[in-house]
Amino acid sequence: MLEATVQQSVDRERIFEGYRRWGYLAANLDPLGFLKPIQHPELILDGADATAAQSFYCRTIGAEFVHIDDPVRRRWIAERLESQWPQPDRAFILDRLIRADLFEQVLQARYLGSKRFSLEGVTALIPLLDRILSAAAEAGGEQIVLGMSHRGRLNVMAHIAGQEAADIFAGFEDVDPRSVLGSGDVKYHVGATGQYRTQNGRKLDVHLASNPSHLEAVDPVAIGRARAKQARIGNGSLTKVVSIVLHGDAAFAGQGVTAETLNMAEIGAYSVGGTVHVIVNNLLGFTTTPPQLHSTRFAAALAKRQAIPIFHVNGEDPDAVVRVGQIALDYRHTFGSDVVVDLIGYRRHGHSEVDDPTITQPLLYAKIKDHPQLWQIYAQRIGVEATANVEAVRTELEAAHKTASAMKKKPKLRKLPSYWSPYKRGRYDSAYEVDTGCTAAELGNLTDLLTRYPPDFAIHPKVKKLLEQRSEMGHGKRPIDYGMAEALAFGSLLLSGTPVRFTGQDTRRGTFNQRHAALIDTRNENQYVPLEHLQPSQARCEIYNSTLSEAAVLGYEYGYSRDYPEALVLWEAQFGDFANGAQIIIDQFISSGEDKWDLPSGVVLLLPHGFEGQGPEHSSARIERYLQLAAEDNIQVCQPSTAAQYFQLLRRQAMRHWRKPLVVFTPKSMLRHPDASSPLEDFQRPRFEWVVPDREVSSAQRILICSGKIGHELRNERKRRGDTETAILFIEQLYTLPKKELRAEIARHPDAREIVWVQEEPANMGALSYALPRIRHYVPEIPVRSVKRSASASPATGSAKAHELEQKTLLTLAFTTGPA
Ligand SMILES: Cc1ncc(C[n+]2csc(CCOP(=O)(O)OP(=O)(O)O)c2C)c(N)n1
């Protein structure tokens, strides 16, 4: 008897193990039945009774979780799936479904032919989010940061982000076009801030991040914003601020930034205590079907490379959907982990409402045509007559439409949090400038704090020497190099209460062995970051090595900067050209976010740049691209030529109350070069110099204008030639080009007969096509020509010797009087 019981229990466990692993394949997940359940061979258990396991794993929830190696987490999930759940508040769910579906229908009727990217087919998203937000609030949540794309966005704004339907409808009226000529964004991209009220009266602030068309690009931005909000709160913040990111199925599977973002979830530099991901899965991407969109059965499979559970759920079983929402939030809170909900439904209309989907999916849409709305299915299932409710909601929405059509001004759907109040955005004003220099005493004291470490710390001999040198630098005994200048900038800001957050690949040591922000004990690899131990009252310092990503990491830091204007937030590319891996973030958020969404940021990009014979890659940070993006004071583009200028620039960025992204081209070989190092006095100068004047030549015949490293080479060449008639000016701020300062410097050489723009980049790159016409325009009385490498498809030669030859030729040409 006992034996039989043991055997039964072993059999049961074997059956359950099979279903925990493969049950999701056999689950009923697609409301329209195109995604056929699969009987995995390991589920065919020769005659054994699997009814119980099937009921848990093969109905309308299909869970993938046995790839999680932690048995505690697996057991936690199994326990929740293998138990009976109380019936949810069905009247509430029905009401929400009616509202979600009718919202779309009224828009369809009133604004026929407008794109809105209807949620119909996956309207269970609204009760799903209701449950996730309510569970978050019940656990002590205060704020939700929501990232999402077009699909159902307006619906989410109305039902989750606390926006009035009338205010959303007003977006379709497109009133007051003159106020947004050349700026603003379409209604399904702009963000919203509002309040969500749970059924039992709790309130959550909801921040729906503004979003470009570029799918998934907002993911890291939203999560970075959540991290900044958590950092502002401190203790308990992981529960108080929750990030939720909604994805399309095609985009989740196809866009690399999704993988990059998921990869950051468990890393100290980026963790937010777990993000709830929801795939709003309509089993279509525009006109393309799943077998063409991903190499996996489910779009969600990407998440399985990590210990992230995936809950697939049939979008036409709202009770199951709500249950999954609760499990997902609880899991996030219990384990501080990401979690994926794959909400499977369909798309009632075309990709947008102006598309005819019957051309590409005639069978699917023939079926959809006769398929009832979800609220109808649900009302029938729970035995409720909903007609009166539907009419009441319709009347409400029609009234909202009427209100919207009478509006004269487009309402603002979002406002900046109060911590933005002290900060300015928009156009530059010289009144924003502040003095950024430090006294010798301040620099000396700070140097002592930056170069100390615990007495029992076994420091690497090379680092010890570096710190000794830095000590001499900070006390005026040797010129200060970039590494020390940067440490002094960060340290001085931290002491005055400005937090510093800085990430990038190998940033703690520095790609060029120049930073050594973290000292490493040679006996045990313990780390000590002097910038974190300046004094107890200092601000928070975070310097992290990032993952090997550009898009997600830069997106994250941009997001962080959006919610921490008081902090200096920096991202460093390993080499400047790698920033093109984050081009979407640069184009769609950093350079245009303020114009489109009126959202400022003070994020800093550090991009190592300079032609040094290292080949086509690693030479150019593509100065030309940032200058092409620049307009309306949207960004600042700078190339400081000395350590002190770098120091002043970083301090200026934090100390001015004007928040504007800053792109800095930073040196590589010049990092420790004496020509680019600065005496202590230059750190005491009041401000960053937009143009570095020639302090050696007073009345020149010729003026060379350049930016960055080439200027130092030109100076050396001038010295070699014993030339006393050529002045060399460095433009340190390329955008906005300092017209007044430049003209003033040129005017100091009244005999100048020629101006030469000199750059090491090829003619189709660098600042040439930006700077040359402007200089000509500013100084029409003097002919201006240029010296540069020939236009080239790739930035630089692969041969170090060819580079030397080219560089020599450039210098020779720069000192040869020639035709304009
Ligand atoms: C990076 C990027 N590439 C292409 C597009 C064009 N596009 C817009 S929506 C869409 C299909 C998206 O499908 P899915 O992610 O499943 O979301 P759905 O629209 O079905 O909700 C495409 C290809 C885009 N917006 N972003």
Side-chain angles (χ1 to χ4, degrees), residues 29-32 34-35 100 104 115-126 128-129 146-157 185-190 209-221 245-262 277-303 312 315 340-357 360-361 364-365 368 550-552 554-555 580-589 592 596:
L29 298 174
D30 175 5
L32 299 185
F34 286 95
L35 189 70
E104 301 290 355
K115 289 189 195 180
R116 65 174 196 282
F117 300 102
S118 164
L119 186 61
E120 287 156 283
V122 251
T123 35
L125 176 67
I126 299 302
L128 173 69
L129 291 174
L146 196 57
M148 73 180 294
S149 61
H150 54 290
R151 179 75 50 212
R153 190 176 173 99
L154 302 175
N155 214 312
V156 168
M157 279 187 176
D185 201 350
V186 293
K187 49 195 164 296
Y188 40 84
H189 287 165
V190 291
S210 294
N211 172 76
S213 180
H214 295 59
L215 295 167
E216 304 294 337
V218 76
D219 304 3
V221 175
V245 180
L246 313 187
H247 313 262
D249 48 315
F252 188 86
Q255 290 291 304
V257 69
T258 321
E260 290 185 26
T261 307
L262 288 174
H277 299 271
V278 178
I279 302 176
V280 184
N281 190 348
N282 50 28
L283 298 171
L284 269 181
F286 211 143
T287 65
T288 308
T289 53
Q292 300 161 297
L293 288 166
H294 36 88
S295 296
T296 47
R297 177 169 165 87
F298 292 103
L302 170 70
H312 307 280
V340 172
V341 177
D342 181 20
L343 176 68
I344 302 177
Y346 61 95
R347 192 185 71 197
R348 180 164 291 278
H349 306 281
H351 169 61
S352 79
E353 292 63 32
V354 296
D355 262 319
D356 179 355
T360 47
Q361 276 81 31
L364 172 63
Y365 277 85
I368 289 173
E550 282 77 26
L554 180 57
N580 62 8
Q583 201 65 49
I584 294 176
I585 303 297
I586 295 164
D587 292 349
Q588 264 57 43
F589 291 92
S592 59
K596 293 189 292 189

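Whatever order the structure lists them in is the order used to number ligands and atoms, beginning at 1.
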Would you say [X]'s side chain and [Y]'s backbone share a donor-acceptor pair under 3.5 angstrom?
{"X": "R153", "Y": "V190", "value": "yes"}
{"X": "R347", "Y": "F286", "value": "yes"}
{"X": "E120", "Y": "H349", "value": "no"}

>> Just to be sure I read this right, does ligand 1 sit under 4.0 Å from the backbone of L293, its side chain, both, or neither, counting only heavy atoms?
In response: neither
>> Just to be sure I read this right, does ligand 1 sit under 4.0 Å from the backbone of H247, its side chain, both, or neither, counting only heavy atoms?
In response: neither
> Where the closest heavy atom to atom 24 (C) of ligand 1 is concerned, which of G121, S213, P212, S118 has it?
Replying inline: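 The option holding the nearest heavy atom is S213.
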>> Given E216, H214, R151, identify the one with the heavy atom nearest to atom 18 (P) of ligand 1.
In response: R151
[atom]: which protein heavy atom is closest, and how many Å away?
{"atom": "atom 7 (N) of ligand 1", "value": "L215 CD1, 4.0 Å"}
{"atom": "atom 11 (C) of ligand 1", "value": "F286 N, 3.6 Å"}
{"atom": "atom 13 (O) of ligand 1", "value": "G285 CA, 3.4 Å"}
{"atom": "atom 3 (N) of ligand 1", "value": "Q255 NE2, 4.5 Å"}
{"atom": "atom 17 (O) of ligand 1", "value": "G248 CA, 3.6 Å"}

Below 3.5 angstrom, do we get any N/O pair linking [X] and ligand 1?
{"X": "H150", "result": "yes"}
{"X": "F252", "result": "no"}
{"X": "V280", "result": "no"}

>> I'd like to know whether NZ of K596 has more than 12 heavy-atom contacts from other residues, nucleotides or ligands below 6.0 angstrom.
In response: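 Yes, because the 6.0 Å sphere around NZ of K596 holds more than 12 heavy atoms from other groups.
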